[in-house]
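Single-structure report; data block below.
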Amino acid sequence: MASFSSRVLALCARVPSGRVTTYGAIASALKSKAFRAVGQALNSNTYDFVSGDCTVPCHRVVCSDGSLGGFAYGVKRKIALLEKEGVHVRNGKVVDFHKKLYRF
DNA sequence: TATTTGACCAAGA
DNA sequence: ATCTTGGCCAAAT
């Protein structure tokens, strides 16, 4: 059994492009309520930033209210990536967040 | 082993 | 609408 953080990363990788998910959704999918631990796992997982090619798309993970929450490389970077995938961000919040929310 | 911290969440003031 | 409080869990110190 992989560690909690590994499972979190695995679920992130499952989120398709143009979609977003929430920390809560991930935790719930893991049968856990460790919303906070999810964020920590992602923060530790410094993924490769090579010309937009990322091993784990952590930028698709946002807060339950649609706000971006945080990002290890800066929220600005996160927004840029989301926009590139078709997820528009307005004033720090995901547009049509509930529509693009991915469910496992 | 114990305490603190954190990319959170929901509810109340 | 913003701010505070309490609760939750895992990883770091």
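Per chain, numbering begins at 1; letters A, B, ... match sequence-line order. Values in this document were obtained by computation on a predicted structure and should not be read as measured data.
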Exercise for the section: Specify the separation, in whole Å, of atom OH of A:Tyr23 and atom C1' of C:dC8. Expected result: 16 Å

Handout entry: Between P of B:dA10 and CZ of A:Arg36, the distance in whole Å
Key = 14 Å

Fill in the blank from the handout: In whole angstroms, the gap separating C1' of B:dC8 from NZ of A:Lys93 amounts to 13 Å

Practice task
Please state how far atom CG in A:Leu82 lies from atom C1' in B:dA7, giving the value in whole angstrom units.
Solution key: 13 Å

Problem - Short side-chain N/O contact to B:dC8 OP1/OP2 from A:Ser64, under 4.0 Å - result: no

Fill in the blank from the handout: note: A:Lys33, atom NZ; C:dA10, atom C1'; distance rounded to Å ~ 14 Å

Exercise for the section: Select one nucleotide: of C:dA11, B:dA7, B:dC8, the one nearest the side-chain heavy atoms of A:Phe35. Expected result: B:dC8

Handout entry: A:Leu42 CG - C:dA11 C1' separation (whole Å)
Key = 13 Å

Handout entry: Interatomic distance, A:Leu11 CG vs C:dA10 P [rounded to whole Å]
Key = 15 Å

Completion exercise
When A:Gly24 and A:Ala37 are each assigned the nearest nucleotide of DNA chain B, the 5'-most assignment goes to A:Ala37

Practice task
Could you state the atom-to-atom distance from CG of A:Asn43 to P of B:dC8 in whole Å?
Solution key: 10 Å

Exercise for the section: Would you mind classifying the nucleic acid contact of A:Phe4 as base, sugar-phosphate or nothing, using non-hydrogen atoms under 4.0 angstrom? Expected result: sugar-phosphate

Practice task
Indicate yes or no for a side-chain donor-acceptor contact from A:Arg19 to the backbone of A:Tyr102 under 3.5 Å, with no hydrogens or angles considered.
Solution key: no

Exercise for the section: Check for a donor-acceptor pair, side chain of A:Lys33 on one end and backbone N or O of A:Ala27 on the other, with a separation under 3.5 Å. Expected result: no

Practice task
Using modelled atom types only, decide if a donor and an acceptor are shared between the side chain of A:Ser28 and the backbone of A:Gly24 within a distance under 3.5 Å.
Solution key: no

Problem - Closest-nucleotide ordering on DNA chain B, the 5'-leading residue of A:Gln40 and A:Cys63 - result: A:Gln40

Handout entry: A:Glu83 side-chain N/O to A:Val89 backbone N/O, donor-acceptor pair under 3.5 Å
Key = yes

